[in-house]
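Just below is one structure, and these are the notes that go with it.
To find a chain, count down the sequence lines: A is the first, B the second, and so on, and within it residues start at 1. Note that these values count all heavy atoms, side chains included, but never hydrogens, waters or copies made by symmetry.
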Protein chains: 2
Amino acid sequence: MNSRNTKAKSVILQLLKEAKQALSHDALQAALAGSADRATIYRVLNRFCTEGIIHRTVGDDGKQYFALCVDCQEKHHQHNHFHFRCFTCGKVECLPNQIEVNLPKGYRTENFTGFISGYCAACA
Amino acid sequence: MNSRNTKAKSVILQLLKEAKQALSHDALQAALAGSADRATIYRVLNRFCTEGIIHRTVGDDGKQYFALCVDCQEKHHQHNHFHFRCFTCGKVECLPNQIEVNLPKGYRTENFTGFISGYCAACA
DNA sequence: CTTATTATTGCAACTTAGTCGCAATAATAT
DNA sequence: ATATTATTGCGACTAAGTTGCAATAATAAG
Ligand SMILES: [Mn+2]
Ligand SMILES: [Mn+2]
Ligand SMILES: [Zn+2]
Ligand SMILES: [Zn+2]
């Protein structure tokens, strides 16, 4: 008996699908309008992350943002892309380009976070 | 009557100079060993940032890290570099290479954050 | 040196983001 | 229909960072 289908899970996943951008916990909570508990939302998001169907990035505002995995295969995840947050409209989007970073000899990457904030084309 | 020389400011600056890496608030607080208040440390760091003598980066642990500006001119700051945090020894270092990110047409960068965590050569 | 001005500090209260224990609920397997 | 246990809701908790306010002390002025 592994994963179960629940209201909270399907609604949160649906919201992430529709959004086509990264969402923060509080954005989801607002969209859920009381239909799921605060802690539940956190737990569902964390579960989705470990299951590999969404990925997490930490913004320069110190908040976590979650987005669907798009170019990821079941086994091989590719998350070395930047995220852009617009100060004005607040949206956080995954930028398409994968980034290469030269690490010093012997260093091993476990987690990549790229985050740029500023003004999007519509708001600039 | 602009900026004043205080104990807290000079000690914190000294610690950042000696460290040769990025330090978190709590690392500084521990090093200060009670010689400066929690809030004071935060305020000094924020002041240093706006004065442009240090720069701030937000880690994938959600914490802020502060490091001296090295390649920065008075007017032109260059902070488009990644930072590396080692899970084992905990150090956070500024990586030398400046990074270019292709933004969509019309986007304006205000803030760049690059953060990689994993294991450094000594700890891997 | 003495006094006045005000940048800076210490302290406590507060906010926000996220986690966790535990009992109740409900999805699934039998 | 029943048993199992993943998931939820609630509340308490932690950690990071900010802010108001009165006290302190660095510097400028006399
Ligand atoms: Mn992915
Ligand atoms: Mn700098
Ligand atoms: Zn925008
Ligand atoms: Zn290390």
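- Ring geometry, B:H81 versus B:H83: the interplanar angle falls from 30° to 60°, so the pair is classed tilted.
- Distance, B:F48 CZ to C:dA7 C1': 14 Å, rounded to whole Å.
- Sequence order on DNA chain D of the closest nucleotides to B:Y65 and B:N5 puts B:Y65 first from the 5' end.
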Cut-off 3.5 Å, no hydrogens considered: what does the side-chain donor-acceptor table look like for residues 33-43 of chain B, sequence neighbours left out?
unit_1	atom_1	unit_2	atom_2	d
B:S35	OG	B:L32	O	3.2
B:D37	OD2	B:A39	N	3.0

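- Applying the 4.0 Å criterion to OP1 and OP2 of C:dG18, one finds that A:Y42 has a side-chain N or O inside that range.
- Distances shorter than 4.0 Å separate some side-chain N or O of A:N46 from OP1 or OP2 on C:dT19.
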Is there any protein nitrogen or oxygen under 3.5 Å from a nitrogen or oxygen in nucleotides 9-12 of chain C, and what are the pairs?
unit_1	atom_1	unit_2	atom_2	d
C:dT9	OP1	B:T6	OG1	2.8
C:dT9	OP2	B:R47	NH2	2.7
C:dG10	OP2	B:D37	N	2.9
C:dG10	OP2	B:T40	OG1	2.8
C:dG10	N7	B:R43	NH2	3.0
C:dG10	O6	B:R43	NH2	2.8
C:dC11	N4	B:R43	NH2	3.3

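- Under the 4.5 angstrom side-chain criterion for Ile, Leu, Val, Met, Phe, Trp and Tyr, the cluster partners of B:V92 are B:Y65, B:F115.
- Distance A:D26 CG to C:dT15 P: 16 Å, rounded to the nearest Å.
- Partners of A:T88 under the side-chain contact (heavy atoms from CB on, under 4.5 Å) rule, at least two apart in sequence or in another chain, are A:C86, A:Y119, A:C123.
- For A:Q64 and C:dG18, the shortest distance from a side-chain N or O to OP1 or OP2 is below 4.0 Å.
- Under 4.0 angstrom from either OP1 or OP2 of C:dT28 there lies no side-chain N or O belonging to A:S3.
- Side-chain contact between A:L16 and A:L23 is present, with at least one heavy-atom pair separated by less than 4.5 Å.
- Taken over five-pair windows at either terminus, the axes of the helix from C:dC1-D:dG30 to C:dT30-D:dA1 are inclined to one another by 30° (rounded to 10 degrees).
- In this structure, the CG atom of B:L13 is 14 Å from the P atom of C:dT8, given to the nearest Å.
- Taking atom CZ on B:R4 and atom C1' on D:dT24, their separation rounds to 10 Å, with Å as the unit.
- Shown here are the ring-ring contact (aromatic ring centres under 6.0 Å, His included) partners of A:F82, two or more places apart in sequence or in another chain: B:F82, B:F112.
- Between B:L28 atom CG and D:dA15 atom P there is a gap of 18 Å when expressed in whole angstrom units.
- Looking at residues two or more places apart in sequence or on another chain, you find no side-chain contact (heavy atoms from CB on, under 4.5 Å) involving B:P96.
- Atoms CG (A:D61) and P (D:dA16) sit 17 Å apart, rounded to a whole Å.
- In this structure, the CG atom of B:D60 is 15 Å from the C1' atom of D:dA16, given to the nearest Å.
- For B:K17, the side-chain contact (heavy atoms from CB on, under 4.5 Å) partners two or more places apart in sequence, or in a different chain, are B:L13, B:Q14, B:L68.
- Residues satisfying the side-chain contact (heavy atoms from CB on, under 4.5 Å) criterion with B:T109, sequence neighbours excluded, are A:I116, B:L103.
- A:K63 places its NZ atom 15 Å from the C1' atom of D:dA16, with the value rounded to the nearest Å.
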